[in-house]
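The next block holds one structure in the form of structure tokens; read it before the comments.
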Amino acid sequence: MPNSRSNKARSGRLRLRALQVLVLVLLVVIWHVLTSPTLLPPIYFAEANQAAFFFGEPVKVFARLWQWFVSGEIYEHLWVTLVETLLAFLIGTVSGVVIGLWLALSPTASAVLDPYIKAVNAMPRVILAPIFFVWFGLGIASKVALGVTLVFFIVFFNVYQGVREVSPVVLANARMLGASPRQLLRHVYVPSAMSWVFASLHNSVGLAFVGAVVGEYLGSAKGVGYLIHQAEGFFDMNTVVAGIVLLTAFALLLDWAVGLAERRLMVWQPRSIETERT
Amino acid sequence: MTPVLALERISCTFLSRDDASERYTAVDDTTLLIGEGEFVSVVGPTGCGKTTLLNVAAGLLKPSTGTVTVLGRSLGGINTRAGYMFQTEALMPWRNTLENVVAGLEFRGVAREEALERGDAWLKRVGLSGFGKRYPHQLSGGMRKRVALAQMLILNPQILLMDEPFSALDVQTRQLMENELLELWSADRKSVVFITHDLEEAISLSDRVVVLSAGPASHPIGDYAIDLPRPRDVAEIRLTPHFIEIHAKIWRAMKEEVLKGYAQQQKQ
Ligand SMILES: Nc1ncnc2c1ncn2[C@@H]1O[C@H](COP(=O)(O)OP(=O)(O)O)[C@@H](O)[C@H]1O
Ligand SMILES: [Mg+2]
């Protein structure tokens, strides 16, 4: 009995996947039909190839992607974007954890700095990019700096919250078991804060990526964001779209990796309800 | 004989956080002396200040007035001679069962290997061998209480402070745990302060039952020696005539306070 039920569930899942792929195929086909200069007479635009100019052509987009990977020229740019993302994520997370812990555990410092933190967080930080270019040049460092300003606050607020939300009973229990203030920090505050940091992992990795790409777009000589910017200069819409497709795939991959890490690190957290899966 | 734990003329007044003029006296002028190896239960209506009193004994809360003396010494900070079993969940959710049990040893710098060995032994003693790798959320309520018990007892404290440890459990599990507690306790008779709102539980476990009045300004209104023979089975002893007699006597004194406490909760 359970076997037939799981079979049914599996076939249901397959159907869902098939439908999802169908939607993608349909969209690509519509895109192709509407942008191809020869298939339809111009419906909206005056000239036949104008639609392709604005929206790119799927065949050419995929050809561009294919050429990138076959020639291998894309790997260098992907690598740069990945390194920027990871560095921004790491530096932003570490500084967010350290400063979050410090401010959460010292009420005076947090009271004094509170308005400044609110102000910096409210500021649209992308406009710092030109300043970072002046400070750090057009290389990796300025993109990392931009990503860090985005990641830092996510992590910082989560750590702050995590420390504030430590169960007073768990804390009292650790004290009764003989924990020194240092041990409380290491064995109670940090693990509790980390659970909040992990909960925001998807968010912070995503923002590190945004920082890297936007930084590249605004000024650089390498990275996928740079490729897009460059193609835009030549009105090469096919390359722009190819870059966007690549970035999207890359972001999905990052998200998947984060999901894996999360499941590894958060074994102690209850998921809604766990039973044996067949 | 000097008491192991002495709470003398304890009062606890809480100030409201928003309005300093609003104050609430939970415990007023309470004296409680616990002798060597004595099992004392404190009963009282919900909200009367039992947890507050226990926190004072643990050194987690400074009383507004009064003194706490542990083994003849006045208590400054945390009561290091005491183990505390909390009313609500107190296990570290990010540590598995074994790591929770050995936490106290780890804090005291006991070598890892020795700590794990002792932790395993304690898990066995509380009937949880084989559950060491589980996390608290993967255990039942009764199992979590066992972990908390092992976590406290592994440090071999001279005084056990227990705050309604079994009140969240179903009746069967609860009686099982009560019997286990008595068995563990009888091995080396520590001094126990056992908080409960359940008079039957108090009588069946204790050498002495202290009854607190309803709050505000809660204070002891009765102190009864329980001369039931040991070893006891908590389920069976409830059926003996002597138990029923003691129960009736204490209940008569308590009833009024319970009603008062109930009326007060209605008002809030
Ligand atoms: N930190 C606190 N601040 C203000 N009031 C408190 C605080 N802790 C306890 N109280 C009050 O003191 C009374 C006694 O609480 P408690 O000791 O937890 O009762 P019990 O354990 O007997 O149910 C309650 O009315 C509660 O509202
Ligand atoms: Mg209580």
Side-chain angles (χ1 to χ4, degrees), chain A residues 93 97 100-101 104-105 107 110-111 155 158-159 161-201 261-277, chain B residues 51 54-61 77-97 99-110 115 119 133-139 144 147-157 159-165:
Chain A
T93 300
V97 166
L101 280 173
L105 293 175
S110 92
V155 175
N158 275 291
V159 168
Q161 190 74 4
V163 170
R164 287 296 160 99
E165 305 258 312
V166 166
S167 152
V169 181
V170 172
L171 203 59
N173 190 27
R175 287 176 69 199
M176 287 308 294
L177 293 173
S180 64
R182 267 189 102 125
Q183 287 169 327
L184 283 184
L185 182 68
R186 176 155 165 235
H187 294 287
V188 182
Y189 286 115
V190 170
S192 174
M194 285 326 273
S195 73
W196 284 71
V197 171
F198 291 140
S200 65
L201 220 56
E262 204 175 43
R263 229 161 305 147
R264 262 293 185 66
L265 294 165
M266 301 302 280
V267 275
W268 59 268
Q269 277 212 334
R271 274 174 240 146
S272 49
I273 293 174
E274 285 172 292
T275 49
E276 190 186 18
R277 301 239 194 98
Chain B
T51 300
L54 212 58
N55 283 340
V56 169
L60 290 168
L61 185 71
I78 292 281
N79 185 346
T80 51
R81 305 297 188 122
Y84 196 144
M85 203 162 150
F86 292 81
Q87 185 172 4
T88 47
E89 295 297 337
L91 296 177
M92 288 170 259
W94 45 83
R95 282 177 172 240
N96 67 28
T97 303
E99 285 169 337
N100 259 297
V101 171
V102 302
L105 296 178
E106 194 182 332
F107 296 152
R108 280 167 172 69
V110 174
K133 290 258 178 322
R134 299 265 196 110
Y135 285 88
H137 79 270
Q138 296 167 319
L139 301 175
R144 284 203 285 268
V147 178
L149 196 61
Q151 188 183 52
M152 170 175 78
L153 293 176
I154 199 171
L155 296 173
N156 198 25
I159 305 165
L160 306 186
L161 307 173
M162 307 181 77
D163 191 3
E164 307 196 26

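Reckoned from all heavy atoms, side chains included, excluding hydrogens, waters and symmetry mates. Chain naming here is simple, since letters A, B, ... match the order of the sequence lines and numbering starts at 1 in each.
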Using non-hydrogen atoms and a 4.5 Å limit, figure out which bit of [X] sits close to chain A: side chain, backbone, both or neither.
X: B/Tyr84; answer: both
X: B/Leu105; answer: neither
X: B/Tyr135; answer: side chain
X: B/Glu89; answer: backbone
X: B/Thr88; answer: both

- Which of the residues B/Met85, B/Met152, B/Gln151, B/Gln87 is involved in the greatest number of heavy-atom pairs with chain A at under 4.5 angstrom?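 Option with the greatest count: B/Gln151.
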- Top residue by heavy-atom pair count (under 4.5 Å) with chain A, among B/Ala90, B/Ala58, B/Ala82?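 Looking at each option in turn, the highest pair count goes to B/Ala90.
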- Would you confirm whether B/Arg108, through its side chain, and A/Leu177, through its main-chain N or O, come within 3.5 Å as a donor-acceptor pair?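 Yes; judged by distance alone, with no hydrogens or angles, the pair exists.
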- Is it true that a side-chain atom of B/Trp94 and a backbone atom of A/His187 form a donor plus acceptor pair closer than 3.5 Å?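 Confirmed, B/Trp94 side chain pairs with A/His187 backbone.
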- Here the gap from B/Arg95 atom CZ to A/Trp268 atom CH2, rounded to the nearest 0.5 Å, amounts to 12.5 Å
- Hey, could you give me the CZ/CZ distance between B/Phe107 and A/Arg175, rounded to the nearest 0.5 Å?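 The CZ atom of B/Phe107 sits 12.5 Å away from the CZ atom of A/Arg175.
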- Message: So for A/Ser192, is it side chain, backbone, both, or neither that comes closer than 4.5 Å to the heavy atoms of chain B?
- Response: both
- Message: For the interface with chain B, which of A/Asn173, A/Val170, A/Val188 has the highest count of heavy-atom pairs at distances below 4.5 Å?
- Response: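 The residue among A/Asn173, A/Val170, A/Val188 with the greatest pair count is A/Asn173.
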